[in-house]
Amino acid sequence: MTRHNKRKRRHDRGFTLLELLVVLVILGLLAMVAVPQAIKYLGGAKSDAASIQIQKLDATLDLFRLDNSRYPTQEEGLDALYERPSGLERWNGPYVKKREMLTDPWGSPYTYRFPGEHRDFDLFSLGADNAEGGDGENQDVTNW
């Protein structure tokens with residue numbers, strides 16, 4: 001066998017077990033660092049999405065008021081943006097395309113309070129824990 005052929009055969013054998021283990025350890029270390037950061041980012045993304053949705057619903061409620069000369073009552077709630085409440089002749093809806101738009105990113109309905117304690121109406125989500133207060137992903141998201 002020539003020297004060139006021996007060198008070629010040595011390179012054709014593939015990776016050793018030790019090389020594969022080193023690569024797996026490096027991948028494991030990267031995963032330990034990256035996964036918590038990704039989860040943290042995802043939680044922040046849901047809070048940001050809830051804030052944007054509340055801003056849009058706030059503007060949509062203003063459109064409802066322009067058409068009907070009032071905001072939905074407490075009894076009508078946010079459903080008045082999707083289905084015509086009885087007795088409203090100038091209702092020009094639906095004001096939201098899907099009923100799911102009235103639900104926060106954690107799957108709970110947005111809370112609508114009329115009259116509001118902070119504004120004409122209060123609109124908020126209680127966050128991931130669905131309880132008042134909290135930090136991070138559990139923080140309340142409001143329109144005030």
Side-chain angles (χ1 to χ4, degrees), residues 4 6-144:
H4 177 67
K6 285 183 186 178
R7 189 180 304 147
K8 188 175 181 187
R9 278 185 81 185
R10 198 173 329 150
H11 290 301
D12 290 342
R13 289 191 299 211
F15 298 107
T16 65
L17 183 58
L18 182 60
E19 290 170 329
L20 289 174
L21 288 174
V22 168
V23 169
L24 288 175
V25 167
I26 291 171
L27 289 174
L29 290 172
L30 287 172
M32 286 174 40
V33 171
V35 169
Q37 292 299 322
I39 290 172
K40 181 179 173 183
Y41 178 76
L42 179 62
K46 284 187 176 184
S47 294
D48 292 344
S51 179
I52 291 168
Q53 288 173 347
I54 284 177
Q55 289 174 10
K56 287 183 178 181
L57 286 173
D58 191 288
T60 302
L61 285 161
D62 287 338
L63 288 174
F64 181 96
R65 181 174 178 248
L66 285 173
D67 289 343
N68 300 288
S69 302
R70 67 172 178 85
Y71 290 112
T73 64
Q74 183 68 39
E75 293 76 29
E76 293 167 343
L78 293 177
D79 286 337
L81 300 176
Y82 189 73
E83 291 180 12
R84 178 192 303 264
S86 61
L88 286 182
E89 299 302 320
R90 295 185 359 215
W91 189 82
N92 195 22
Y95 296 89
V96 294
K97 292 181 182 180
K98 299 178 184 176
R99 188 177 295 276
E100 292 82 30
M101 296 175 75
L102 306 175
T103 304
D104 69 18
W106 299 280
S108 299
Y110 284 107
T111 303
Y112 173 75
R113 190 169 38 215
F114 181 81
E117 295 174 8
H118 304 275
R119 297 183 44 199
D120 291 337
F121 62 89
D122 293 342
L123 183 62
F124 57 97
S125 167
L126 296 175
D129 64 352
N130 205 24
E132 287 190 31
D135 294 321
E137 190 177 347
N138 295 331
Q139 186 175 7
D140 299 347
V141 183
T142 69
N143 71 331
W144 62 87

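Note that the structure is predicted; figures quoted are calculated from it, not measured. Position 1 is the first residue of the sequence; numbering continues from there.
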Can you classify the ring geometry of Tyr112 versus Phe114 as parallel (below 30°), tilted (30 to 60°) or perpendicular (above 60°)?
parallel
May I ask you to check whether over 12 heavy atoms, not counting those of Glu19, lie within 6.0 Å of atom CD?
yes
Over all atoms of both residues, closest heavy-atom pair of Leu88 and Phe64
CD1-CZ, 3.6 Å
What are the two closest heavy atoms between Asn92 and Asp67, and how far apart are they?
CB-OD2, 3.2 Å
Within the supplied structure, the quantity of interest is the number of heavy atoms (other residues, nucleotides, ligands) at a distance under 6.0 Å from Arg119 CZ; does it exceed 12?
yes
OH of Tyr82 to CE of Met101: how many Å apart, nearest 0.5 Å?
11.0 Å
To the nearest 0.5 Å, what is the distance between OG on Ser47 and CH2 on Trp106?
4.0 Å
Measuring only between side-chain heavy atoms, which start at C-beta, is Ser69 closer than 4.5 Å to Arg90?
yes
Distance col, row Asp122:CG vs Thr142:OG1, nearest 0.5 angstrom, shows 8.0 Å
Mind running side-chain contact (heavy atoms from CB on, under 4.5 Å) on Asp120 and Leu61 for me, showing each step along the way?
CA-CA 11 Å; Asp120 291 337; Leu61 285 161; over 6 Å; no
How many angstroms lie between atom CG of Asn143 and atom CG of Asp58, to the nearest 0.5 angstrom?
5.0 Å
Identify the two heavy atoms, one from Ala128 and one from Asn138, that lie closest to each other, and give their separation to 0.1 Å.
CB-OD1, 3.4 Å
Donor-acceptor pair between Glu117 and Trp144 side chains, under 3.5 angstrom
no
Compare every heavy atom of Gln74 with every heavy atom of Arg113, then report the nearest pair and how far apart it is.
CA-OE1, 3.2 Å
How many angstroms lie between CD in Gln53 and CG in Leu123, if you round to the nearest 0.5 Å?
10.5 Å
Take Asp62 and Phe121 through the test side-chain contact (heavy atoms from CB on, under 4.5 Å) and record every step on the way to the result.
CA-CA 10 Å; Asp62 287 338; Phe121 62 89; 4.2 Å; yes
Locate the shortest heavy-atom distance separating Glu132 from Asp140; write the atom from each residue and the value.
CA-OD2, 3.6 Å
Inspect the contact between Lys46 and Asp104 and indicate whether a charged nitrogen and a carboxylate oxygen are less than 4.0 angstrom apart.
no
Leu102 CG to Tyr95 OH distance, which is reported to the nearest 0.5 Å
13.5 Å
Please report the closest heavy-atom contact between Glu83 and Trp91, naming both atoms and the distance.
C-CZ2, 3.6 Å
